[in-house]
Protein chains: 2
Amino acid sequence: MKSKATIKDVAELAGVSIKTVSRVTNQEGSVRKATLDKVNEAIDKLNYQPNTAARNLAGSKSFALGYVYDNPNAYYVLDMQNGILEECRERGYELVIHPCSVANKSIIDELETMVKRSQLAGLIISPPLSEMPEVLTALDKLNIAYIKIISACEVSDDSSPCVYVNDRDAAFEITEHLIEQGHTKIAFLRGDECHRSSHERKLGYLQALEKHGIQPNKSYQIDGSYSFEFGVEGAKELLLNEEKPTAIFSCNDEIAAGALFAVRLNGLDVPSEMAIAGFEDSPFSRQTWPKLTTAAQPTNEIARKAASSLIQYLASQRIRKGEQQNIPHLHFRPKLVKRESTQLLTEV
Amino acid sequence: MKSKATIKDVAELAGVSIKTVSRVTNQEGSVRKATLDKVNEAIDKLNYQPNTAARNLAGSKSFALGYVYDNPNAYYVLDMQNGILEECRERGYELVIHPCSVANKSIIDELETMVKRSQLAGLIISPPLSEMPEVLTALDKLNIAYIKIISACEVSDDSSPCVYVNDRDAAFEITEHLIEQGHTKIAFLRGDECHRSSHERKLGYLQALEKHGIQPNKSYQIDGSYSFEFGVEGAKELLLNEEKPTAIFSCNDEIAAGALFAVRLNGLDVPSEMAIAGFEDSPFSRQTWPKLTTAAQPTNEIARKAASSLIQYLASQRIRKGEQQNIPHLHFRPKLVKRESTQLLTEV
DNA sequence: GTACGTAATAACAGCGTTGTCATTCGGCTT
DNA sequence: AAGCCGAATGACAACGCTGTTATTACGTAC
């Protein structure tokens, strides 16, 4: 690899000192236009790429973000990852991904090791890890910057950067949509206990029922996990009710896909005999028949914005050390996507 | 972050020179047992983690692998990623992931920039990139070590590290399984042109037909892409044949899932009226009804072994510079998984 | 007990950047 | 034209580690 060009070569070719080159690459300012052009030209000519290692070492900071997650679902993870990556590339950061398991007792140690080893500038944490107080406390203790993505409809704690995803209102909207279709016997299949989203979504469901004067029916509410299998089991159980529900709102698309299968195996038509809605707008929801009504979560955008905010936050930290600074808070609200699984009308 | 402990602190505490500590952390040998213990004790006590940046800079090498892929499918990518990561963690390497698009003309430049920026020790490349000569040539020119994962049943080129996945024989086996079930009118839905696997699998299919004296029927062979949508379209087209096939072998599970839907929409029962097989053993294949017969690709293991071989190869390169060295070649063969979509008998 | 060879250890100079601080430049005031 | 000041630039010392080369310790043979 002829990737030899160092800052020295550039400086020499441009006829300036290495420090000036450094100023240019870091956009520090205080460089005259003429000089800047000379330097940039030299950089292009030599195809110069600053050495990350040297940069990190000398600056005793790093240009790498970490993405910490507990593999909730392949599409979500990949969407997040890609979104973060896009932002990182633009900003000249690197991404270190770190899947880990909530079940793992030593997760705190694991995170600590990771942060130290990789010299990360900051972390992006997605649920359910981002909703575990002990994890957040540990990170605070490590004194590492992070932005967490959580399910909540309002700012709950403004001391650290956060992305709020308003699952509750979106679930409310889905439930209202079902009610509009004439349903009153609406069941709910809830996802994992440890994901706040599953509770938020259920809350939205209950609020919608209440608003429309519908008595919630305990036997229509089953708790489980975010999985196809639970969808199948949960729907089967629902169908055991003497008075069967006419609609099932599933906490995510995977559950919905499972429910869909169980329902159709039972010989019921969807949506005429049973409406089914999911949540997330994952590819799943488009690969079932009929396609699933769901709530579209802009995961990729969430990821990008989260990364972007974190990077900005880090920059401001470097400048105003110690001082108070703006702590980013972002809000997202999944949007209802009406498809065939809940209504007869639409085009396919 | 009190992550202050440097090699100096450790050296001081252990009463040795920093070089000795370096020897210990790098397992260079030539350290007396007593000294080694002292040093290790100090490392533990200070919770010392070598600084990656300094390490890379001083050694002018790096401990990071890159995983380059063109997002073929979420489950595959994630399996690969996790496998590589597991190995990396054990060996103290980092992983930089790099999704990119085959369609992108400047992909070569992109790779070059990435390699330079991230100071990568080596690359792991999966299909279809690993099967594009121009990409491999570019990497050779960059003089970066890499291991490629390709679809092939025998060693084709022994000059660079390679993982061979024998799709052909696995496809042969699946086809034979269908023939054993009494099928002779077997259709084939092929995946993307640019993936060698799609051709290899088709070859296996054709070879099985030939072995059993079945005349291949051109109108039973449709080319498309690795997607659910193509599965739907392809199956529809197949059903237009006057003499319909009785079995569809789909190039992967996604296609199979699509085909399954189209077939059932057409009112045909699976497997009694139409058998359907997939390939890959992705979660898809277990979340359809009936479950899909498929070929299990040990993606996670492939990834681990690939990473492991690459790391070993890099190490041997460092030692025997210039000299001839063992170039790793690994072979994998997906295994037939019989499920309900091709046979009536089995338990659900 | 001396000499010798090898294994174990240390000293020290980089690696390619950035941070700090000193210096020079260019324009503006007087 | 001298004096001044902020902006632009440069010199040089870190950053924490590894590679290289020099030095010391230890065991063995005579």
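Everything numeric here is computed off the predicted structure, so don't read it as measured data.
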request  = Mind calculating the distance between CD1 (A:I7) and C1' (D:dG10) to the nearest angstrom?
outcome  = 13 Å

Polar pair under 3.5 Å, donor/acceptor by atom type, side chain A:R23, base D:dG10 = yes

key: Atom pair distance, as rounded to whole Å: NZ in B:K61 and C1' in C:dG16   = 17 Å

task = Starting from P on D:dG16, measure out to CG on B:N51 and report it in whole angstrom.
result = 7 Å

query = How many Å lie between CG on B:D9 and P on D:dG16, as a whole number?
reply = 9 Å

query = Are A:E90 and A:R304 close enough, and set up right, to give a salt bridge (charged side-chain N to carboxylate O under 4.0 Å, His left out), and what steps lead you there?
reply = CA-CA 11 Å; A:E90 266 172 37; A:R304 285 198 68 132; 3.1 Å; yes

message = Check the phosphate of C:dG16 against A:T6, side-chain N and O only, distance under 4.0 Å to OP1 or OP2. Yes or no?
response = no

request  = Could you pick out which residue, B:V16 or B:G59, lies toward the 5' side of DNA chain C when each is mapped onto its nearest nucleotide?
outcome  = B:V16

query = For DNA chain C, whose closest nucleotide is more 5', that of B:S30 or that of A:V21?
reply = B:S30

query = Are the aromatic rings of A:Y164 and A:H329 close, with centres under 6.0 Å apart?
reply = yes

key: Atom pair distance, as rounded to whole Å: CG in B:L57 and C1' in D:dT18   = 10 Å

Salt bridge A:E12-A:K8, side-chain N to carboxylate O under 4.0 Å = no

request  = Would you check if the distance from the ring center of A:Y67 to the ring center of A:Y146 is below 6.0 Å?
outcome  = no

Length of the line joining B:R32:CZ and C:dT9:P, which is rounded to integer Å = 5 Å

ask   = When you measure from the side chain of A:T20, which nucleotide among D:dT9, C:dT17, D:dG16 comes out closest?
value = D:dT9

ask   = Taking only side-chain nitrogens and oxygens of B:S17, does any of them come within less than 4.0 Å of OP1 or OP2 of C:dA11?
value = no

For atom CD of A:E28 and atom P of D:dG10, their distance in whole Å = 14 Å

ask   = Should the pair A:R89-B:E110 be classified as a salt bridge under the 4.0 Å nitrogen-to-oxygen rule?
value = yes

Nearest-angstrom distance from the residue atom CG of A:N26 to P of C:dT17 = 11 Å

ask   = Does A:T35 make a side-chain N or O approach to OP1 or OP2 of D:dA8 shorter than 4.0 Å?
value = no

inquiry  = Tell me if the side-chain of B:K19 makes a donor-acceptor pair with the base of D:dG19, cut-off 3.5 Å, by modelled atom types.
reply    = yes

